[in-house]
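The structure under discussion appears below in the form of structure tokens.
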There are 2 protein chains.
Amino acid sequence: MLKAQIDHTNCSECPIRHRAVCAHCDANELEELEGIKYYRSFEAGQTVIWSGDQMNFVGSVVSGIASLTQTMEDGRTQMVGLLLPSDFVGRPGRDSAPYDVQATTDLVMCCFRKKPFEQLMNDTPHIAHRLLQMTLDELDAAREWMLVLGRKTAREKIASLLSIIARRDASIVPKAKPGPIVFDLPLTREAMADYLGLTLETVSRQISALKKEGIIELEGKRHVTIPDMRRLMDEAGDDSDGGFLI
Amino acid sequence: MLKAQIDHTNCSECPIRHRAVCAHCDANELEELEGIKYYRSFEAGQTVIWSGDQMNFVGSVVSGIASLTQTMEDGRTQMVGLLLPSDFVGRPGRDSAPYDVQATTDLVMCCFRKKPFEQLMNDTPHIAHRLLQMTLDELDAAREWMLVLGRKTAREKIASLLSIIARRDASIVPKAKPGPIVFDLPLTREAMADYLGLTLETVSRQISALKKEGIIELEGKRHVTIPDMRRLMDEAGDDSDGGFLI
DNA sequence: GCTTTCACTTGATCTCAGTCAAGGTTTCGT
DNA sequence: ACGAAACCTTGACTGAGATCAAGTGAAAGC
């Protein structure tokens, strides 16, 4: 079972140790965090928390992917966040969840009870400072995404999403730059549609089109090869040097 | 001249004293801030800073409205933030601006040189804490807006924008709830289009339609009366109780 | 092994918002 | 007072993506 593999793991061996909210913590602070942390596992498709529910914990994604989703009364949904390993869930000082949080893949989270975490945050500037950094990064990502949602065509939206996923995988496995990039899509067509503000039919059609033109290669439905990252980036409509800014 | 009216104003008399990044500061901290602050004024339409430029200050909007805008190579633009009085501009720890910042109306900003402000932030948890709060609020607003951009119809987008502006004005002039709401639009049709991911023609048509149906009343191009806020909120497609959550 | 279900693809058609074009108002400079 | 420049409105047409519908393929349950 997933859970058993991780429970009681020492923070110093944690795969997200240097990127999560605890990144700047020293040994003492880490010890305090260890005292209030616990792991939770979710299967792909499970809901971590429903919008409006009481939220008595905050936490970090350790492995897998979670999504934040908003739903309108008539059922239209929009994904408003894609949480990757080390990303933070929840907001100190708020009681109820503003969005549905769902496990998009199998998911492991490192959770802290909210009250003690808030206390700890007040006492340890390292945590508050890191959380501010991470929140500012997320705000930038959200604004980047607003351009995608508001102004890009369906084709550009798909290319943008594939670029983001490809870039993330590349940064996790830091590799030589040239050569094809290979990864598995962690999202269903429907989840992609919810993220991109499209229908799943349009997502499917645009992926087929990119495949037909050789910009991507598909093996099965989810296994993607990008022979030339630059061509994909061109389709995304970003500044041509976008990939090298980071 | 606008500038002269405000220069050397004491922070304790500042109109945004209790809502800006300095909200939680005590008298001592405020004094330190006063030492590094200066005011800058901009006319409507002026650019405060260009994307990519060196940014050697951060600051708060004191009066007027500023906008954050992203532009694609081919000229498509998307507004990604609307900064109202008390909102914060800039990011401690970053050198260059990621977006164009423009004065949408005449604008006064309270600026701090970046380096001293960063120093001050490290020393005074009150400022860092308030900045975290404000950033989390902005992240929520950005995610709210992602739903608007991704899933709402043109009509719902217009109604959403009008609701937001109306609600802001209502909270600045806290008034009895019932009765019509009156305000001036601080944005041109084009700026609305950039914010909503529409063309200015569509904005104009939808505003005309809402007017024809009596959901809004217009005097001139910018002066708006909302006879029944609930009807407008219905058109925005939000949860029916949305307006009372705050 | 067979059915059911889930995830996806593809086609035909429709519709909402974009595009192109013309004209109206208001404001501003001279 | 006049002309120019913003800013806005309206109309006719177009097209990208939504909708409706049918079908494929692979995995899961019995």
- Can A:Ile164 and A:Trp145 be said to form a side chain to side chain contact (heavy atoms under 4.5 Å, CB included), step by step? CA-CA 11 Å; A:Ile164 284 175; A:Trp145 207 250; 3.3 Å; yes

- Query: Can you check side chain to side chain contact (heavy atoms under 4.5 Å, CB included) on B:Arg143 and A:Glu138, steps first, answer last?
  - Reply: CA-CA 10 Å; B:Arg143 285 174 167 161; A:Glu138 272 195 88; 2.6 Å; yes

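- Annotation: side chain of B:Leu185 is in contact with side chain of B:Leu162 (closest heavy-atom distance under 4.5 Å).
- B:Gln54 is linked by a side chain to side chain donor-acceptor pair (under 3.5 Å) to nothing, counting only residues two or more places apart in sequence or in another chain.
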- I would like to know whether B:Arg168 and B:Ile65 meet side chain to side chain contact (heavy atoms under 4.5 Å, CB included); could you show each step before the answer? CA-CA 12 Å; B:Arg168 172 184 65 89; B:Ile65 296 184; 4.2 Å; yes

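- Mapping heavy-atom proximity under 4.0 Å, the span of DNA chain D touched by chain B runs 5' to 3' from D:dC8 to D:dA12.
- The distance between atom CG of B:Leu218 and atom C1' of C:dT26, rounded to the nearest whole Å, is 15 Å.
- Counting heavy atoms from C-beta outward, B:Val21 and B:Met134 have side chains that approach closer than 4.5 Å.
- Side-chain atoms of B:Asp137 and A:Arg91, non-hydrogen and from C-beta on, do get closer than 4.5 Å to each other.
- A:Arg222 has a side-chain polar atom (N or O) that falls below the 4.0 Å cut-off from OP1 or OP2 of C:dC8.
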Pairs under 3.5 angstrom only: tabulate donor-acceptor contacts from the side chains of residues 195-206 of chain B to other protein residues two or more places apart or in another chain.
| unit_1 | atom_1 | unit_2 | atom_2 | d |
| --- | --- | --- | --- | --- |
| B:Thr199 | OG1 | B:Thr202 | N | 3.3 |
| B:Thr199 | OG1 | B:Thr202 | OG1 | 3.0 |

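- For B:Phe183, there are no ring-ring contact (aromatic ring centres under 6.0 Å, His included) partners two or more places apart in sequence or in a different chain.
- The stretch residues 64-71 of chain B does not touch DNA chain C, since none of its heavy atoms comes less than 4.0 Å from the strand.
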- Evaluate the side chain to side chain contact (heavy atoms under 4.5 Å, CB included) criterion for residues B:Val101 and B:Phe42: first the C-alpha distance (whole Å), next the side-chain angles of each, then the deciding distance (0.1 Å), finally the verdict. CA-CA 11 Å; B:Val101 181; B:Phe42 302 87; over 6 Å; no

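- To the nearest angstrom, C1' of C:dT25 lies 12 Å from CZ of B:Arg189.
- The overall bend of the helix from C:dG1-D:dC30 to C:dT30-D:dA1, read as the angle between its terminal helix axes built from five base pairs each, is 40° when rounded to 10 degrees.
- When the side chain to side chain donor-acceptor pair (under 3.5 Å) test is applied to A:Ser163, no partner is found at least two apart in sequence or on another chain.
- Put simply, the side chain of A:Gln78 does not reach to within 4.5 Å of the side chain of B:Lys152, judged on heavy atoms.
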Nucleotide N/O to protein N/O under 3.5 Å, stretch nucleotides 12-21 of chain C:
| unit_1 | atom_1 | unit_2 | atom_2 | d |
| --- | --- | --- | --- | --- |
| C:dA17 | OP1 | B:Ala154 | N | 2.7 |
| C:dG18 | OP2 | B:Thr199 | N | 3.3 |
| C:dG18 | OP2 | B:Thr199 | OG1 | 3.1 |
| C:dG18 | OP2 | B:Thr202 | OG1 | 2.5 |
| C:dT19 | O4 | B:Arg205 | NH2 | 2.7 |
| C:dC20 | N4 | B:Glu201 | OE2 | 3.3 |

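- In this structure A:Arg155 satisfies the side chain to side chain donor-acceptor pair (under 3.5 Å) test together with A:Glu213, A:Glu235, sequence neighbours excluded.
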Mind listing the N/O atom pairs, protein and nucleotides 27-29 of chain C, below 3.5 Å?
none

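- Looking at heavy-atom distances under 4.0 Å, B:Ser204 makes contact with a base.
- Evaluation of the side chain to side chain donor-acceptor pair (under 3.5 Å) rule for B:Arg94 yields A:Asp140 as partners, not counting sequence neighbours.
- Residue pairs meeting the salt bridge (charged side-chain N to carboxylate O under 4.0 Å, His left out) criterion with at least one member in residues 189-200 of chain A, sequence neighbours excluded, are A:Asp194-B:Arg151.
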